[in-house]
Amino acid sequence: MEKVKIVVAGARGRMGLEAVKMIEKVDHFELVAVVDHKNNGMKLSEIEGLPNIDVKVYTDISVCFNETQPDVLVDLTTPEIGRVHTRIALEHGVRPVVGTTGFSKEDLQEITEMAEHKKLGAIIAPNFAVGAILMMKFSQMAAKYFGDVEIIELHHDKKLDAPSGTGLKTAELISTVRESKKQGHPDEKETIAGARGATYDGIHIHSVRLPGLVAHQEVLFGGEGQMLTIRHDSFNRESFMSGVKLSIETVMKIDVLVYGLENIIE
């Protein structure tokens, strides 16, 4: 099998570091470079705390693509940087696998059009944990029978976006099968602004940010005399790597944008 040549952006981050380790373990993957906002020209092996791998570090992603000619970019940076990297990757004929969230509907439409024009696969995944994808799918199933639902997503205190991409994606999936409605008492008033959380199509989303957490979410459905809770917990970043591996393999076989791993998991 021909090796898939991969560039990782965000290799010094906790997710990026796990991705580098995973790529090194897979026989048909080859790490050809990493992109960082510093350490330009150094080798990964020369940076303290990173794996002993002799691949070059680039600060300019366009130069990186021109010199290494990768097949896939795995971007695990920040929402602002991830949006830019995704567009640059497609412009250079590189298939992006993006784990950063915060893409707007306009962003996704633009990337959809770019991928179709270039005939390149692209995957944007709010969550790479297979269990989290199943949690979203099960929530969508439950919403056909429970119209009253609230989402509580809990993450580490270094996370930049709220609500999380997983929380928002869950609400979007639920809204496809749930009739729009305003939940709670019709005369409900917040005595402190934001007490009821954010709303998406009448679904309340609550974001918790605390040190010690990784990525967690529960979806609460209420009905007469009963409550259904669907919950997923990621306790470390390794939990996301099976989804990253699947995404790299899948993005080489498609020529459109896929938003969310639920679209590639049966």
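All figures in this text were calculated on a predicted structure; none of them were measured in a lab. Just so you know, residue 1 is the first one in the sequence shown, and it goes up from there.
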Run through [options] and flag the one making a side-chain contact (heavy atoms from CB on, under 4.5 Å) with [X].
| X | options | result |
| --- | --- | --- |
| Ile264 | Ile123, Val251, Ile254 | Ile123 |
| Phe29 | Asp71, Val4, Val72 | Val4 |
| Ile6 | Val32, Ile248, Val94 | Ile248 |

Do [X] and [Y] share a hydrophobic cluster, counting only Ile, Leu, Val, Met, Phe, Trp and Tyr and linking them when any side-chain heavy atoms are less than 4.5 Å apart?
| X | Y | answer |
| --- | --- | --- |
| Val258 | Val74 | yes |
| Leu76 | Val7 | no |
| Ile53 | Leu73 | no |
| Val34 | Met241 | yes |
| Leu90 | Val84 | no |

Residue pair [X] / [Y], side-chain heavy-atom distance below 4.5 Å:
| X | Y | answer |
| --- | --- | --- |
| Lys25 | Met22 | no |
| Thr78 | Ile81 | yes |
| Pro51 | Leu17 | yes |
| Ile47 | Leu50 | yes |
| Phe221 | Ile230 | yes |
| His156 | Arg14 | yes |
| Leu108 | Ile124 | yes |
| Phe65 | Val35 | no |

Distance (rounded to the nearest 0.5 Å) between [X] [atom1] and [Y] [atom2]:
| X | Y | atom1 | atom2 | result |
| --- | --- | --- | --- | --- |
| Phe103 | Gln109 | CZ | CD | 14.0 Å |
| Leu220 | Thr229 | CG | OG1 | 4.0 Å |
| Ile88 | Ile61 | CD1 | CD1 | 6.0 Å |
| Ile174 | Ser139 | CD1 | OG | 5.0 Å |
| Ile111 | Glu106 | CD1 | CD | 11.5 Å |
| Ser247 | Leu261 | OG | CG | 4.0 Å |

Salt bridge check: are [X] and [Y] linked by an N-O gap of less than 4.0 Å?
| X | Y | answer |
| --- | --- | --- |
| Asp107 | Arg83 | yes |
| Lys181 | Asp148 | yes |
| Glu110 | Arg87 | yes |
| Lys3 | Glu30 | no |
| Glu91 | Lys118 | no |

Testing the basics here: between [X] and [Y], what is the closest heavy-atom pair and its distance to 0.1 Å?
| X | Y | result |
| --- | --- | --- |
| Asn52 | Ser45 | OD1-CB, 3.2 Å |
| Cys64 | Tyr58 | CB-CG, 3.5 Å |
| Ala115 | Leu257 | CB-N, 4.0 Å |
| Leu120 | Gly93 | CD1-CA, 3.5 Å |
| Lys245 | Val26 | CE-CG2, 4.0 Å |
| Lys5 | Thr68 | NZ-O, 3.1 Å |

Residues, nucleotides or ligands: over 12 heavy atoms within 6.0 Å of [X] [atom1]:
| X | atom1 | result |
| --- | --- | --- |
| Glu190 | CD | yes |
| Lys182 | NZ | yes |
| Asp157 | CG | yes |

Under a 3.5 Å distance rule, please check whether [X] uses its side chain to pair with a backbone N or O of [Y] as donor and acceptor.
| X | Y | answer |
| --- | --- | --- |
| Asp36 | Asn39 | no |
| Glu46 | Lys43 | yes |
| Asn236 | Ser239 | yes |
| Asp75 | Thr77 | yes |
| Gln183 | Val149 | yes |
| Asn40 | Thr59 | yes |

Starting from the C-alpha separation in whole Å, work towards a yes-or-no answer on salt bridge (Lys or Arg N to Asp or Glu O under 4.0 Å) for Glu218 and Arg231.
CA-CA 4 Å; Glu218 57 184 28; Arg231 180 176 175 116; 3.0 Å; yes
Please report, to 0.1 Å, the donor-acceptor pairs under 3.5 Å made by any side chain of residues 196-210, with sequence neighbours excluded.
residue: Arg196; atom: NE; partner: Glu188; partner atom: OE1; Å: 3.2
residue: Arg196; atom: NE; partner: Glu188; partner atom: OE2; Å: 3.0
residue: Arg196; atom: NH1; partner: Glu150; partner atom: OE1; Å: 3.3
residue: Arg196; atom: NH1; partner: Glu150; partner atom: OE2; Å: 3.2
residue: Arg196; atom: NH2; partner: Glu150; partner atom: OE2; Å: 2.8
residue: Arg196; atom: NH2; partner: His204; partner atom: NE2; Å: 3.2
residue: Asp201; atom: OD1; partner: Ser180; partner atom: OG; Å: 2.6
residue: Asp201; atom: OD2; partner: Ser180; partner atom: OG; Å: 3.1
residue: His204; atom: ND1; partner: Arg196; partner atom: O; Å: 2.8
residue: His206; atom: NE2; partner: Glu150; partner atom: OE1; Å: 2.7
residue: Ser207; atom: OG; partner: Glu153; partner atom: OE2; Å: 2.5
residue: Arg209; atom: NH1; partner: Glu153; partner atom: OE1; Å: 2.9
residue: Arg209; atom: NH1; partner: Glu153; partner atom: OE2; Å: 3.4
residue: Arg209; atom: NH2; partner: Glu153; partner atom: OE1; Å: 3.4
residue: Arg209; atom: NH2; partner: Glu153; partner atom: OE2; Å: 2.9
residue: Arg209; atom: NH2; partner: Asp161; partner atom: O; Å: 3.0

Ignoring hydrogens and geometry beyond distance, is a side-chain donor-acceptor pair present between Arg12 and His37 at under 3.5 Å?
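Yes, because at least one side-chain N or O of Arg12 sits under 3.5 Å from a partner of the opposite role on His37.
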- Query: Do His155 and Gln217 get their side chains close enough for a donor-acceptor pair, meaning under 3.5 Å?
  - Reply: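 No donor-acceptor contact under 3.5 Å links the two side chains.
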Practice item. Please step through side chain to side chain contact (heavy atoms under 4.5 Å, CB included) for the pair Ser234 and His216, ending with a clear verdict. Key: CA-CA 6 Å; Ser234 283; His216 318 262; 5.9 Å; no
Could you walk me through whether His28 and Glu249 pass the side-chain hydrogen bond (donor to acceptor under 3.5 Å, both in side chains) check? CA-CA 10 Å; His28 57 283; Glu249 292 167 340; 2.9 Å; yes
*asked:* Among Lys169, Lys137, Gln140, which residue satisfies the side chain to side chain donor-acceptor pair (under 3.5 Å) criterion with Glu262?
replied: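 Exactly one option meets the side chain to side chain donor-acceptor pair (under 3.5 Å) with Glu262, and it is Lys169.
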